[in-house]
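All remarks here apply to the structure that follows.
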Protein chains: 2
Amino acid sequence: MDSMTIMVRKQTAADQALRLDNQICFAVYSTAHAFNRVYKPLLDRLGLTYPQYLVMLALWERDDVPVKDLGERLFLDSGTLTPLLKRLEAAELIRRTRSTEDERVVLIALTQQGQALREKAKAVPQSILAASDCTVGELLAMKDEIVALRDRLNAVLGE
Amino acid sequence: MDSMTIMVRKQTAADQALRLDNQICFAVYSTAHAFNRVYKPLLDRLGLTYPQYLVMLALWERDDVPVKDLGERLFLDSGTLTPLLKRLEAAELIRRTRSTEDERVVLIALTQQGQALREKAKAVPQSILAASDCTVGELLAMKDEIVALRDRLNAVLGE
DNA sequence: GCGAATTCAATTGCGAACAATTAAATGTGA
DNA sequence: TCACATTTAATTGTTCGCAATTGAATTCGC
């Protein structure tokens, strides 16, 4: 063999960029799954999946809203929300009623049980905080960075 | 009305923590979806979905590996990977062969076409970089923070 | 060696997630 | 007014993602 250097494959920037652990998207993707797995046992006690929990969070802040509104707040479309909301309705946590003013609109409102579940849900965030092994400050700072990234990505999609 | 203060609902820490936009998990979750939507048109040209692209990235680094190996690198289990890998096999990008040494193991290897696709994929990361509207340095720093968070979450799950 | 536990992939069933389409209601412009 | 576009949910079909189970192969304890 003449020289080792001849055998060494040139590592271009493009090669580096294709490495799995260089990808921020994979970092985000795998962290989302990790969160999901941490949330699961907590949410099982509430009888909710994580996306259902997100819908409930949104409704606890403001309910009697169209499906469209929820979709914009959660970045989800009707193809995802319609069946999910039907399951929440079957669980008697929400009511779905068609608006009288505009019959295209379905309004989502909390039931008594849906309201009541909020109290049980209060224990969830602190459990997650503990699992993250971070301070509130660290998490908030990180959250702001991630949201900024998300909003830039969504801005590109809107073009 | 006696006093406004009586009417103001006391905002406890628990209430604050339940706000949708205070949740880092929602930030991560919604950013993952935003990435997915940005990747979609790029990956369509390669004939891959995002999870399939992740599998290919892993295989371009090291192939002839058991399904289990892939699962550990991508944090996915056989319930997700088996059908996904069958689709990649149908697309003739990979081969699935049962190991002769241990017949429980299915080894995943790239085909010629699977290898070749790597060249086409090189254009993807730079497009994502552009869409993120961040510098490489910013993204790498953020990636490291997110990965650290993910690893702490996964550590809790492992207990 | 031999029975029990473990490992590994596949399968089944359910719940997202989204693209594309459909259908109904509403709005708009000539 | 009336054709036409727009808005809004719902539906359909495909692909993840995971829990739970199955079944085959291997390893371990004794």
Side-chain angles (χ1 to χ4, degrees), chain A residues 25-26 29-41 43-44 46-56 65-72 74-91 94 96-108 154 157, chain B residues 25-26 29-41 43-44 46-56 65-72 74-91 94 96-108 154 157:
Chain A
C25 184
F26 175 59
Y29 168 90
S30 52
T31 304
H33 291 314
F35 264 122
N36 222 314
R37 290 190 279 261
V38 172
Y39 267 101
K40 177 131 204 328
L43 295 182
D44 277 351
L46 306 183
L48 296 174
T49 64
Y50 182 70
Q52 290 170 7
Y53 172 69
L54 287 181
V55 168
M56 295 302 288
V65 291
V67 173
K68 182 116 209 288
D69 254 52
L70 274 177
E72 278 165 9
L74 299 169
F75 305 96
L76 296 173
D77 71 359
S78 72
T80 302
L81 286 175
T82 296
L84 187 156
L85 291 169
K86 285 183 175 175
R87 282 186 282 271
L88 288 180
E89 187 183 39
I94 64 164
R96 299 162 63 250
T97 53
R98 216 160 264 280
S99 166
T100 50
E101 290 142 37
D102 184 339
E103 299 237 334
R104 294 168 304 183
V105 172
V106 170
L107 294 171
I108 308 299
N154 280 332
L157 289 167
Chain B
C25 183
F26 176 59
Y29 168 90
S30 53
T31 305
H33 290 313
F35 264 122
N36 222 313
R37 290 190 280 261
V38 171
Y39 268 101
K40 178 129 206 330
L43 295 182
D44 277 351
L46 305 183
L48 296 174
T49 63
Y50 181 69
Q52 289 169 6
Y53 172 68
L54 287 182
V55 168
M56 294 302 288
V65 290
V67 174
K68 181 120 209 287
D69 252 54
L70 274 177
E72 278 165 9
L74 299 170
F75 306 97
L76 296 172
D77 71 359
S78 72
T80 302
L81 286 176
T82 296
L84 187 157
L85 291 170
K86 285 185 176 174
R87 281 186 283 271
L88 288 180
E89 186 182 40
I94 65 164
R96 298 162 63 250
T97 52
R98 214 161 267 278
S99 165
T100 50
E101 290 141 38
D102 185 340
E103 299 236 334
R104 294 169 305 183
V105 172
V106 170
L107 294 171
I108 307 298
N154 279 332
L157 289 167

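Below, read A as the first sequence line, B as the second, and so on, with proteins coming before strands; counting in each chain starts at 1.
Counting non-hydrogen atoms under 4.0 angstrom, Thr80(B) reaches a base of the nucleic acid. Across all strands, Pro66(B) comes closer than 4.0 Å only to sugar-phosphate atoms, never to a base (heavy-atom distances). Nucleic acid contact class of Leu76(A) (heavy atoms, under 4.0 Å, all strands): sugar-phosphate only.
Comparing atom distances between the Gln52(B) side chain and each of dA10(D), dA17(C), dC16(D) picks out dC16(D) as nearest. Picking from dA10(D), dG17(D), dC18(C) the nucleotide with the shortest atom distance to the side chain of Lys86(A) gives dA10(D). Comparing atom distances between the Arg98(A) side chain and each of dC18(D), dA9(D), dA9(C) picks out dA9(D) as nearest. For Arg87(A), the listed nucleotide lying nearest its side chain is dG15(C); candidates were dG15(C), dA19(C), dA9(C). Relative to the side chain of Tyr29(B), the nucleotides dT26(D), dC16(D), dA17(C) differ in distance, and dA17(C) lies closest. Comparing atom distances between the Thr49(A) side chain and each of dA9(D), dA16(C), dT7(D) picks out dA16(C) as nearest. Taking the side chain of Val106(A) as heavy atoms from C-beta on, and the options dA19(D), dA10(D), dT7(C), the nearest nucleotide is dA10(D).
In this structure, the separation between CG on Asp77(B) and NZ on Lys68(B) is 11.0 Å, given to the nearest 0.5 Å.
Comparing Leu81(A) and Arg37(A) along DNA chain D, the residue whose closest nucleotide (by nearest heavy atom) sits nearer the 5' end is Leu81(A). Both Pro83(A) and Thr100(B) lie near DNA chain D, and the one whose nearest nucleotide falls closer to the 5' end is Pro83(A). Between Leu84(A) and Glu101(A), the residue anchored nearer the 5' end of DNA chain C, judged by the nucleotide with its closest heavy atom, is Leu84(A). Summary of the strand contacts: Asp102(A) and Phe75(A) both lie near DNA chain C, and taking for each the nucleotide with the nearest heavy atom, the more 5' one is attributed to Phe75(A).
In terms of heavy atoms, Leu74(B) sits closest to Val55(B) at CD1-CG2, 3.6 Å. Taking both residues in full, the closest heavy atoms of Ser30(A) and Phe75(B) are given as CB-CD1, 3.8 Å, listed atom of the first, atom of the second, then distance. Between Pro66(A) and Val105(A), the closest heavy-atom pair is CB-CG1, 3.7 Å.
If you check distances only, the side chain of Ser78(B) does reach the base of dA10(C) with a donor-acceptor pair under 3.5 Å.
Taking the six-membered ring for Trp and thresholds of 30 and 60 degrees, Tyr50(B) and Tyr39(B) have ring planes inclined between 30 and 60 degrees apart.
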